[in-house]
Trainee: 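Quick one: structure below, then a few questions.
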2 protein chains.
Amino acid sequence: MTRTKSGDKKQAIFDATLRCVLRTGFGGLKMAVVAKEARVATGTVYLYFRNKEDLINALLLHVKAEIHTAMMQDVETDDPFFTAFKKSMINYIDFCYGSPEKMIFIEQFYRSSYLYPETAAEIEQLALPVLNMLRSARNEMLIKDIDRELMLRQLLGASNEIIKYCIDSGRPITKLLREQILDMLWSSIRR
Amino acid sequence: MTRTKSGDKKQAIFDATLRCVLRTGFGGLKMAVVAKEARVATGTVYLYFRNKEDLINALLLHVKAEIHTAMMQDVETDDPFFTAFKKSMINYIDFCYGSPEKMIFIEQFYRSSYLYPETAAEIEQLALPVLNMLRSARNEMLIKDIDRELMLRQLLGASNEIIKYCIDSGRPITKLLREQILDMLWSSIRR
DNA sequence: AACCTATGAATAAAAGTTCATTTTTTATGT
DNA sequence: ACATAAAAAATGAACTTTTATTCATAGGTT
């Protein structure tokens, strides 16, 4: 069995899609272009995805899952909250800065008519671990008494904008900058 | 002479475009659909805008200018920083919550291959007043010593996500919630 | 040989743009 | 005021371009 099996091709299409969208936004997602970028025939894309909508939904779910997994990497259940918070936010920032195409793809398609309600529902589940982390912190009176969901959005929204700014302006995320970002995020929610 | 003058029709097309994009994202911006929504003929749109790209760029500039004007509404040059900050952020939040179609439109098209570099340059100018506000605050040692541009993105990114969450979940922005949001924003930048 | 996978030119559908025609407005002369 | 003509604005069906999707054919694997 060669190493070039079906899973690889699906992944190649995913990667190509992300590259296309990073390059020219949602307008860059054209089936023929994606196929060429993935070095497969146009028809091949349709062997792995029913249509464009399906490709988008599958990729959204895939990328969102990746981000959430990365975010909770090395976060132990018995970490003190501040440690866990710091780890997860650094994970998030580093992941997004390192894979801007994934962040951009989500931004472009998460709020679009392409998104199936079922995909949205599945994606919601992915945020549960982080939300739980915030819940215990609030129970311990470590953070402000504000709707956790809203708080999470605030944190990620702030991070996203910062990351995009760094990418667009070619500014690297240094150790110092990361500390500054974390400081802003932490002070926004700490009690 | 009727009240229906050329300026009105341009505005009608702007409004229709925003409604279309709010309804179905970037995919909802189709010239024929926009025209129908604006109650004009397809060709009429091309009397006011060279093409789709132009429409998008003109509207982006228009809406961004509106937002920045609204943001600085009632902010006096001799307001103490905290007062000015609070006013501007409340203005921003209320404006965006009240006109989500404008916020959504910017989110969808600001980072897209449609955006002309000249439009981007003009839009950058619009942020100068807020940035200056942040500069004096930093000079007075009232806020953290962090790149102003980055700080502004953080504030607006956080606000945007919160506003979208409220809109999507049908949650109204009460006096209390506004205080909570402001508290998060302020603590994130205060020294 | 049967089966799975891949191809890419051909097809169909969708969307942007144009323009000959019509309607409305403005200007002019009686 | 009214009629009339020139100009401007608006129309929407027709045209063109773009893009998603299909499918008859070819290549490879068991």
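Numbers restart at 1 for each chain; the letters A, B, ... are given by sequence-line order, proteins then strands.
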Trainee: Using the ring-ring contact (aromatic ring centres under 6.0 Å, His included) rule, collect all pairs that involve residues 116-138 of chain B, keeping only residues at least two apart or in two chains.
Mentor: none
Trainee: Is atom CZ of R171(B) surrounded by more than 12 heavy atoms (other residues, nucleotides or ligands) closer than 6.0 Å?
Mentor: yes
Trainee: Aromatic rings Y114(A) and F109(A): how do their planes relate, parallel, tilted or perpendicular, breaks at 30° and 60°?
Mentor: tilted
Trainee: Taking CG from D8(A) and C1' from dT5(C), how many angstroms apart are they, rounded to a whole number?
Mentor: 14 Å
Trainee: Reading nucleotides 15-21 of chain C 5' to 3', which nucleotides get B (base under 4.0 Å from a protein heavy atom), which S (sugar-phosphate only), which -?
Mentor: SSBB---
Trainee: Would you say a side-chain N or O of K9(B) is under 4.0 Å from OP1 or OP2 of dA9(D)?
Mentor: no
Trainee: Checking side-chain polar atoms at under 3.5 Å, does N160(A) have a donor or acceptor matched by the opposite partner on Y92(A)?
Mentor: yes
Trainee: Restricting to side chain to side chain donor-acceptor pair (under 3.5 Å), what partner residues turn up for R39(B), sequence neighbours left out?
Mentor: none
Trainee: Can you measure K36(A) atom NZ to dT19(D) atom C1' for me and round it to whole angstrom units?
Mentor: 14 Å
Trainee: Mind calculating the distance between CD (E37(A)) and P (dT19(D)) to the nearest angstrom?
Mentor: 16 Å
Trainee: Specify the separation, in whole Å, of atom NZ of K10(B) and atom C1' of dA9(D).
Mentor: 15 Å
Trainee: The side chain of V40(B) is closest to which nucleotide in this list: dT11(D), dG8(C), dA10(D)?
Mentor: dT11(D)
Trainee: Would you indicate, yes or no, if dA6(C) has its OP1 or OP2 atom less than 4.0 angstrom from a side-chain nitrogen or oxygen of Y48(A)?
Mentor: yes
Trainee: Mind running side-chain contact (heavy atoms from CB on, under 4.5 Å) on K64(A) and Y110(A) for me, showing each step along the way?
Mentor: CA-CA 10 Å; K64(A) 272 275 188 181; Y110(A) 191 31; 4.3 Å; yes
